[in-house]
Amino acid sequence: MNWWKEAVFYQVYPRSFKDSNGDGIGDLKGVTEKIDYLSWLGVDVVWISPFFKSPMNDFGYDISDYKDVDPIFGNMSDFDDLVEEAHKKKLRVIIDQVYNHTSDQHPWFVESRNSRDNPKADWYIWKDAKKDGVPPNNWVSLFSGTKAESMWEWDENRKQYYLHLFGKEQPDLNWQNPDVKHEIFESMRFWLEHGVDGFRFDAAAHYHKDPKFRDASTGVQIKESLFKSVRDVYYWDRFSGRPETLLAVEEIRDFLDSYPGEKVSVGEISADMGLCLYLLFTLPGRFSMAFNIDFMEKLSLDAEKVRQLIKNVDTSFGDRAWPSYVLGNHDNFRIINRLTEGMEANHDTKKKIAKLAATLLLTLRGTPFIYYGEEIGMENTHIPYDKIADPWGKALWPKTGRDVCRTPMQWNDGEYAGFSDVESWLPVNSNKSCVNVENEMKDRNSVLNYYKILLKIRKNNLPLRRGNLEFWDAPEGVLFYTRTFFSMRTVILINFTSSEKEVNIKEKGKVLTGSGKNTGEDVNGKVKLLPFESIIIEIL
Ligand code: NOJ
Ligand code: CA
C-alpha cells in the first residue's frame, strides 16, 4: 500500500497560519511553531502553499525565483528547520510547484520580453498580432472578472502578445522549450534535496496548449458567480489535458521515482472537465493523485446528489487510480458557508454541519485533504472593499473573491486571534471568540475534538483506510454506507436533514464515534439519527 493512500493531508496557507515576527503576515517559522498542534491533531502530511520569492500579485502563485524563500516568509534555513521539526514528529511535508507560469518579474521573463532574439526569447509563449492588431486567438483569461479579458497581453517592446492563462502578471512558460523543462526539473531537484516528501503541481492540466493555438470553438459566458464553470469541454480542450502534458507528467513521475522514499505528486487539475481528466492524470505512471475540486464544488446537503457524486468518483476510479476528497481550499468559499447557503443556521447547526462534512471527508475511500481552519469550523470572513487583497477578487467586485477563505487561523480569542500581535494582512473573523483552537480543545463537543477523534479512528480502522465502499438503502435524506476490508466492516450513517431519522442496519455493532452518540454504545438493528447527526459503527 502506498503511504499516501492512507495519509491525511493538511493544507497550510502560510500567509495566514501563524505570524512569528509581528508583521501581520504568517511565515515559515510560524508554521514550525505549530507543528506540535498538527501532530496533536493527527494529520500525516502538511502541504504548504507557495512561500517562494514573489511580488505577491497572486500571493505567491506568481513566482520570481523557484529556488528561494520570499523574505516575507523567512529564509532557507527556516524552511530546513520546518522540515526537520515536521519529520521529527513523523509529519511529511509537501510544497506547491507552479510550473504553468512564472511572475512577470521573474528574471527569465524580464529577459524574454527584452527582444525577439535573446537566449530566453522562446521561454514564454509569444505570438504576433493578427491583422488589425487583434490577439492571436479568442481565449479568455481564467482570471476574468465581471467582463471577458483576453488571455493575451500586448508587449510594446517586442510588439508581440504573450499568453497568460491567469493574471497578466503570470505569463505562461513554454513547455516545448527543452531549456525551460530542464530548469523545472532542476527546481524540483533543489527542493527534494531539501527534504520535501512530494509536491502539489499547480494548474498541471495546462502545461501544453493546442500546438496550433486555434480559436476555442465555443464562447465563454461571463460568470454569474465566483467559481462557476463558464467554458464547455471544447473550450477547455485548447489548453487542458493535451497529450504532451500527459507525457510531461510521466517524466515528472519517473524523476520523482528516482528518489528514495516514494515521493507523492498531487495534480491540480481543472474541475470543469470532470472526473475523466482526473483519471487520465492519475493512471499508473502519472500523478499519485488529483486534487478533487469537483467533489469540493459539488458537495451539498442533498443526500441523493452526494451519493451519486461519491459513486461516480468511486466507480470511475475503481482499481484504476486512487481518488482524493476535498472540502475546501484557498480558492473557494469555506465549506460551512457553501453548505448552509440560503439556510437560517445558528452556531449550533453550523457546528453539526461542519461535523457532517468531516465525517464524509474522513470515511470515504480516498485520501482526505483538510484546509487549515476547517477543523475548527472556520467560516468566510466579510472583507470590506478597502481590504480586498486578492487580484481576482478585485476584478470580480462587487462579487466576492477569494480573500474570505484566507483570513488568519483562529488560535485563541485575542485581538488578532493569536495569529499575530499586530493587525493582520486580512481581517480576523469576528466569530474568533468562540471559534478558536484554545476554546475548542477544552470543549468535548467541539468541531476540533470531533476531527481529532475521527482522525484517530481512521488511523486504527482498516476498513476506513482501505475498505471497499458500498451504499445501502436508507430513508430520504440519509446516507448509509459501509467500508469493508475482508471480514471487517464499518458502517457510516449520515443524516443530511434537520429532522430525526431511523435506519435499520440489520446488524449488531458498537458506535466508534458520532456527532451526537456516545462512543462505545451498542447498536442492534435500528439506529436513530438526530438532525444532521453522523454515526460510525463497527460491526461486531
Ligand atoms: C491555482 C491556485 O490554486 C490559485 O490560487 C492560483 O491563483 C492559480 N492556480 C494560478 O496559479
Ligand atoms: Ca511574519
Side-chain angles (χ1 to χ4, degrees), residues 11-34 47-52 54-64 66 69-75 78 82 95-104 106 141-145 151 163-173 199-207 226-227 239-240 266-272 290-293 296-297 326 328-333 369 371 389-396 401-406 408-409 416 418-426:
Q11 182 188 357
V12 165
Y13 194 67
R15 281 185 88 80
S16 304
F17 202 53
K18 177 75 176 83
D19 171 22
S20 75
N21 63 347
D23 63 358
I25 299 176
D27 43 58
L28 293 179
K29 274 201 169 122
V31 181
T32 310
E33 274 176 34
K34 295 298 181 186
W47 149 29
I48 309 168
S49 282
F51 49 83
F52 317 104
S54 162
M56 304 290 164
N57 254 305
D58 191 17
F59 296 109
Y61 283 95
D62 50 326
I63 297 174
S64 56
Y66 284 113
V69 173
D70 194 279
I72 282 185
F73 295 118
N75 55 38
D78 295 335
L82 194 168
I95 60 174
D96 255 277
Q97 297 292 281
V98 188
Y99 293 140
N100 177 70
H101 48 270
T102 69
S103 158
D104 62 353
H106 196 298
S141 157
L142 301 176
F143 268 5
S144 287
M151 266 190 198
L163 182 75
H164 61 91
L165 261 60
F166 299 93
K168 64 178 177 357
E169 301 83 3
Q170 293 160 293
D172 279 45
L173 280 164
F199 301 112
R200 178 254 194 201
F201 292 90
D202 187 76
H206 311 307
Y207 295 160
L226 183 56
F227 310 118
F239 44 83
S240 308
V266 183
E268 192 219 14
I269 312 295
S270 303
D272 308 50
F291 191 75
N292 198 343
I293 304 175
M296 169 174 80
E297 291 187 346
V326 183
N329 74 351
H330 62 290
D331 292 331
N332 213 326
F333 294 164
F369 284 73
Y371 180 50
D390 172 26
W392 195 16
K394 286 179 188 160
L396 282 167
R402 301 174 295 177
D403 292 324
V404 296
C405 66
R406 297 175 175 179
M409 176 69 176
Y416 302 108
F419 162 76
S420 179
D421 303 329
V422 301
E423 190 179 345
S424 43
W425 75 286
L426 282 177

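Indexing begins at 1, ligand by ligand and atom by atom, following the structure's order. Because the structure is predicted, anything quoted here is derived from the model rather than measured.
- Of the possible donor and acceptor atoms, one in the side chain of Asp19 sits under 3.5 Å from a partner among the backbone N and O of Asn21.
- Using a distance-only test at 3.5 Å, with no hydrogens or angles considered, no donor-acceptor pair links the side chain of Trp47 to the main chain of Val12.
- Looking at Asp96, Asp202, Ile293, it is Asp202 that brings a heavy atom closest to atom 1 (C) of ligand 1.
- With respect to atom 5 (O) of ligand 1, the closest heavy atom belonging to the protein is Asp331 OD1, 2.8 Å.
- Formation of a donor-acceptor pair under 3.5 Å by the His101 side chain with backbone atoms of Tyr61 is found in this model.
- The single protein non-hydrogen atom nearest to atom 6 (C) of ligand 1 is Asp58 OD2, 3.4 Å, given as residue, atom name and distance.
- The heavy atom nearest to atom 8 (C) of ligand 1, out of those in Phe291, Phe166, Trp392, is found in Phe166.
- Annotation for ligand 1: atoms under 4.0 Å from non-hydrogen atoms of Glu268 are 1 (C), 3 (O), 9 (N).
- Coordination check, Ser20 versus the Ca ion (ligand 2): failed, since every N/O/S atom of the residue sits at 3.0 Å or beyond.
- In summary, of the residues considered (Gln11, Arg406, Arg402), a side-chain hydrogen bond (donor to acceptor under 3.5 Å, both in side chains) with His330 occurs for Gln11 alone.
- The distance from the Ca ion (ligand 2) to the nearest N/O/S atom of Phe73 is not under 3.0 Å.
- The closest approach between any non-hydrogen atom of Arg200 and ligand 1 is below 4.0 Å.
- A donor-acceptor pair is defined here as one N or O able to donate and one able to accept, closer than 3.5 Å; such a pair exists between the side chain of His206 and the backbone of Phe239.
- Judged purely by distance below 3.5 Å, without hydrogens or angles, the side chains of Ser64 and His106 never pair a donor atom with an acceptor atom.
- For Asp27 and Ser20, the side-chain atoms include at least one donor-acceptor pair closer than 3.5 Å.
- Looking at Ser424, its side chain never comes within 3.5 Å of a backbone N or O of Gly24 through a donor-acceptor pair.
- Considering just the N/O/S atoms of Asp19, the one nearest the Ca ion (ligand 2) carries the name OD1.
- Sorting the N, O or S atoms of Asp23 by how far they are from the Ca ion (ligand 2) puts OD1 first.
- If you look at Asp27 and ask which of its N, O or S atoms sits nearest the Ca ion (ligand 2), the answer is OD2.
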